[in-house]
Amino acid sequence: MAAAEALAGLALALGLYALLYYNFIKGATCKNEASLRGKTVVITGGNTGIGKATALDLARRGARVILACRDRGRGESAVCDIRRESGNNEVLFMSLDLASFKSVRTFAAAFLRSEPRLDILINNAGVRTGSRSSDGFNLAFQVNHLSHFLLTHLLLERMKQCAPSRVVVVASSAHQRGKIDFQNIHKPVDGQLAGIQSYSNSKLANMLYTRELANRLEGTNVTCYAVHPGLVNTELFRHTLIWLKPLFLPICWLFLRDTTNGAQTSIYCATQEGIEKYSGRYFANCWLRDPKPHARDDALAKKLWEVSERMVGLAN
Ligand SMILES: NC(=O)c1ccc[n+]([C@@H]2O[C@H](COP(=O)([O-])OP(=O)(O)OC[C@H]3O[C@@H](n4cnc5c(N)ncnc54)[C@H](OP(=O)(O)O)[C@@H]3O)[C@@H](O)[C@H]2O)c1
Ligand SMILES: *[C@@H]1O[C@H](CO)[C@@H](O)[C@H](O)[C@H]1NC(C)=O
């Protein structure tokens with residue numbers, strides 16, 4: 001009797017989990033089979049997590065994929081994996097450390113010298129800590145926003161020449177809790193909670209940046225999209241809750257999206273035909289989503305752009 005009850009309980013739990021998994025955890029799949037033969041993709045942080053899964057899919061579609069990563073060992077090892085799994089040998093590592101503006105400039109110069117095309121730029125790399133970068137900025141603000149701002153600026157002319165082309169900005173629903181305080185947003189902070197707040201602020205910056213970029217790109221056939229990938233089981237949480245890890249790991253594995261599913265909206269925004277009219281908008285689960293009102297503030301977006309130009313050394 002007890003065994004039968006236990007079995008029924010288990011079946012119920014599995015059924016509930018399946019319901020939860022297919023309705024909330026897994027998320028939508030990008031269904032198009034667009035070929036990327038002859039196209040070149042740059043993806044920052046393509047060596048692990050959502051970026052690696054995105055790079056693998058785009059390599060399978062035949063693109064030349066450049067993994068722009070800070071660590072040569074991790075980068076080269078991802079190149080091997082992706083070449084093997086996609087059967088595409090045009091996957092390359094190039095060195096890019098987003099914690100340093102100098103590295104961004106060196107990367108862009110090397111890229112423009114060696115690569116004639118750029119069709120898709122995926123600003124994917126991200127960190128969830130507000131410690132000090134080598135340039136003295138808040139790390140999340142520099143890596144997630146400022147350095148991608150500079151990188152995109154330096155590569156944009158090449159993208160215009162290759163239009164139609166696209167910029168995909170991997171933002172986050174964490175932008176909802178973000179604030180743009182121009183006096184402090186760039187300053188390093190201590191502690192986990194402050195680090196998480198810095199992360200949210202930087203993700204709001206991603207949203208505002210994408211909006212303003214779309215305005216500035218009007219008429220160029222270069223379009224851009226902000227993405228929320230879902231809650232994904234990656235290394236993103238490596239700086240947070242370290243002492244909770246043993247408890248955390250099984251929960252992550254059960255209740256967070258895997259990286260293949262987490263990459264779907266980035267892949268959708270990079271490849272889906274017909275979304276060009278939504279340039280500057282926000283996507284989640286391979287569909288348009290309305291961000292919070294403060295992420296649609298065009299005056300704030302414009303001011304952030306000007307402040308960012310000064311911080312990365314593009315304006316006097
Ligand atoms: N996971 C989620 O639930 C979630 C939710 C919403 C949004 N996102 C966004 O998704 C994006 C990808 O994150 P993920 O979850 O895949 O995290 P991840 O597994 O930690 O991957 C982050 C990537 O960024 C790279 N990176 C970090 N600092 C860098 C630097 N200074 N220069 C160059 N690359 C750097 C990392 O390189 P190393 O391997 O060398 O550290 C890694 O390749 C991020 O923008 C994140 O904000 C994630
Ligand atoms: C943008 O694309 C359209 C349609 O393909 C084309 O007619 C137009 O000339 C393009 N504009 C630019 C600036 O490339």
Side-chain angles (χ1 to χ4, degrees), residues 25 27 42-55 67-78 93-104 106-107 122-129 131-135 137 139-148 150-151 159-165 168-178 196 198-207 217-223 226-240 252 255-266 273 276-277 279 282-285:
I25 300 173
V42 167
I43 177 157
T44 65
N47 61 279
T48 186
I50 298 164
K52 187 180 181 189
T54 306
L67 308 185
C69 315
R70 63 175 161 171
D71 184 274
R72 177 170 289 274
R74 286 161 73 80
E76 299 279 15
S77 129
F93 161 83
M94 280 182 73
S95 173
L96 169 65
D97 180 1
L98 293 157
S100 147
F101 296 136
K102 188 159 166 270
S103 171
V104 175
T106 308
F107 169 87
I122 305 188
N123 291 338
N124 165 83
V127 289
R128 208 156 169 271
T129 153
S131 54
R132 180 179 294 270
S133 74
S134 41
D135 292 328
F137 285 95
L139 194 67
F141 190 62
Q142 179 163 357
V143 169
N144 304 0
H145 169 65
L146 285 177
S147 285
H148 281 120
L150 177 61
L151 177 70
M159 299 197 80
K160 287 181 184 165
Q161 291 159 9
C162 299
S165 49
V168 177
V169 178
V170 184
S172 171
S173 65
H175 78 268
Q176 298 177 9
R177 294 179 297 276
I196 294 171
S198 296
Y199 175 76
S200 304
N201 299 346
S202 75
K203 292 288 132 180
L204 175 58
N206 286 160
M207 301 288 292
L217 286 175
E218 219 163 292
T220 61
N221 290 339
V222 184
T223 52
V227 166
H228 171 56
L231 276 182
V232 190
N233 190 7
T234 68
E235 299 175 51
L236 187 66
F237 306 98
R238 62 184 113 177
H239 300 291
T240 1
C252 289
F255 295 109
L256 300 190
R257 230 168 245 190
D258 67 24
T259 54
T260 304
N261 290 317
Q264 296 303 310
T265 304
S266 296
E273 257 180 59
E276 292 83 356
K277 56 180 173 290
S279 184
Y282 175 52
F283 287 75
N285 282 318

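Quick caveat: nothing in here was measured; it's all calculated off a predicted structure. One-based numbering, in listed order, for ligands and for the atoms of each.
A donor-acceptor pair under 3.5 Å is formed between the side chain of Asn206 and the backbone N or O of Asn144. Between the Asp135 side chain and the Phe101 main chain, a donor and an acceptor come within less than 3.5 Å of each other. Side-chain atoms of Ser133 do not come within 3.5 Å of backbone N or O of Leu139 as any donor-acceptor pair.
Backbone and side-chain nitrogen or oxygen atoms of Asp71 are examined, and none is located within less than 3.5 angstrom of a nitrogen or oxygen of ligand 1. Considering backbone and side-chain atoms together, Val232 places an N or O closer than 3.5 Å to an N or O of ligand 1. When only interatomic distances are considered, the shortest N/O to N/O separation between Asn47 and ligand 1 falls below 3.5 Å. The shortest N/O to N/O separation between Val143 and ligand 1 does not fall below 3.5 Å. Residue Asn124 has at least one nitrogen or oxygen atom sitting less than 3.5 Å from a nitrogen or oxygen atom of ligand 1, judged on distance alone.
Contact check for Ile122 versus Thr44: no side-chain heavy atoms found under the 4.5 Å cut-off. Contact of the Asn47 side chain with the Asp71 side chain is not registered, since no non-hydrogen atoms from C-beta on lie closer than 4.5 Å. The side-chain heavy atoms of Ile196 and Arg128, taken from C-beta on, include a pair separated by under 4.5 Å. The shortest distance between side-chain heavy atoms of Leu151 and Leu96 falls below 4.5 Å. Side-chain contact between Val170 and Ser266 is present, with heavy atoms from C-beta onward closer than 4.5 Å. The shortest side-chain heavy-atom distance between Ser173 and Tyr282 falls under the 4.5 Å cut-off. With a 4.5 Å cut-off on side-chain heavy atoms, Thr48 and Arg74 count as touching. The closest side-chain heavy-atom distance from His228 to Phe283 is not below 4.5 Å.
In summary, the atoms of ligand 1 found under 4.0 Å from a heavy atom of Ala99, numbered by their order in the structure, are 31 (N). If you number the atoms of ligand 1 from 1 as listed, the ones under 4.0 Å from a heavy atom of Val170 come out as 9 (C), 10 (O), 11 (C), 45 (O). The ligand atoms of ligand 1 that sit less than 4.0 angstrom from a heavy atom of Leu96 are 32 (N), 33 (C). Contact atoms of ligand 1 toward Asp97: 30 (C), 31 (N), 32 (N) (distance under 4.0 Å to a heavy atom of the residue).
From the protein, the heavy atom lying nearest to atom 6 (C) of ligand 1 is Ser172 OG, 3.3 Å. Counting only heavy atoms of the protein, atom 16 (O) of ligand 1 lies nearest to Ile50 N, 2.8 Å. Remark: minimum distance from atom 41 (O) of ligand 1 to any protein heavy atom is reached at Arg70 NH2, 2.4 Å. Ranking protein heavy atoms by distance to atom 32 (N) of ligand 1, first place goes to Leu98 N, 2.8 Å. Counting protein heavy atoms only, atom 46 (C) of ligand 1 is closest to Tyr199 OH, 3.4 Å. Residue, atom and distance of the protein heavy atom nearest to atom 12 (C) of ligand 2 are Asn221 ND2, 3.3 Å. Nearest non-hydrogen protein atom to atom 36 (C) of ligand 1 is Arg238 NH2, 3.9 Å. Among protein heavy atoms, atom 5 (C) of ligand 1 sits closest to Gly230 O, 3.1 Å. Nearest non-hydrogen protein atom to atom 13 (C) of ligand 2 is Gly219 O, 3.3 Å. Protein heavy atom at the shortest distance from atom 21 (O) of ligand 1 is Thr48 CG2, 3.7 Å.
In this structure, Cys69 has no heavy atom closer than 4.0 Å to ligand 1. Distances shorter than 4.0 angstrom do not occur between any heavy atom of Ala163 and any atom of ligand 2. Heavy atoms of Lys203 come nearer than 4.0 angstrom to ligand 1 in at least one pair.
Of the inter-residue distances, the one linking Leu256 atom CG with Thr234 atom OG1 reads 8.5 Å to the nearest 0.5 angstrom. Taken from CG in Leu217 to NZ in Lys160, the straight-line distance is 6.5 Å, to the nearest 0.5 Å. Residue His175 holds its NE2 atom at 12.0 Å from OG of Ser202, rounded to the nearest 0.5 Å. Going from atom CG of Asp97 over to atom OG1 of Thr106 covers 10.5 Å, rounded to the nearest 0.5 Å.
Here Pro229 has side-chain heavy atoms under 4.0 Å from ligand 1, and that is the only part of it that gets that close. Residue-level proximity to ligand 1 for Val127 is carried by the side chain, the only part with a heavy atom below 4.0 angstrom. At a heavy-atom distance under 4.0 Å, no atom of Lys52 approaches ligand 1.
A salt bridge is absent between Glu218 and Lys277: the closest approach of a Lys/Arg side-chain nitrogen to an acidic carboxylate oxygen does not fall below 4.0 angstrom.
Within a 4.0 Å radius of atom 9 (O) of ligand 2, the protein contributes no non-hydrogen atoms. For atom 4 (C) of ligand 2, the nearest protein heavy atom is 4.0 Å or more away.
Comparing heavy-atom distances from atom 34 (N) of ligand 1 across Ser103, Ala125, Cys252 singles out Ala125 as nearest. Taking only non-hydrogen atoms, the option from Ala174, Ala171, Gly126 nearest to atom 7 (C) of ligand 1 is Ala171. With distances taken over non-hydrogen atoms, the option nearest atom 17 (O) of ligand 1 out of Thr259, Thr54, Thr234 is Thr234. Closest to atom 39 (O) of ligand 1 by heavy atom, among Arg74, His148, Glu235, is Arg74.
Thr223 and Glu276 share no side-chain donor-acceptor pair at under 3.5 Å.
Aromatic rings of Phe141 and Tyr199 (six-membered ring for Trp) have centroids beyond the 6.0 Å cut-off, not under it.
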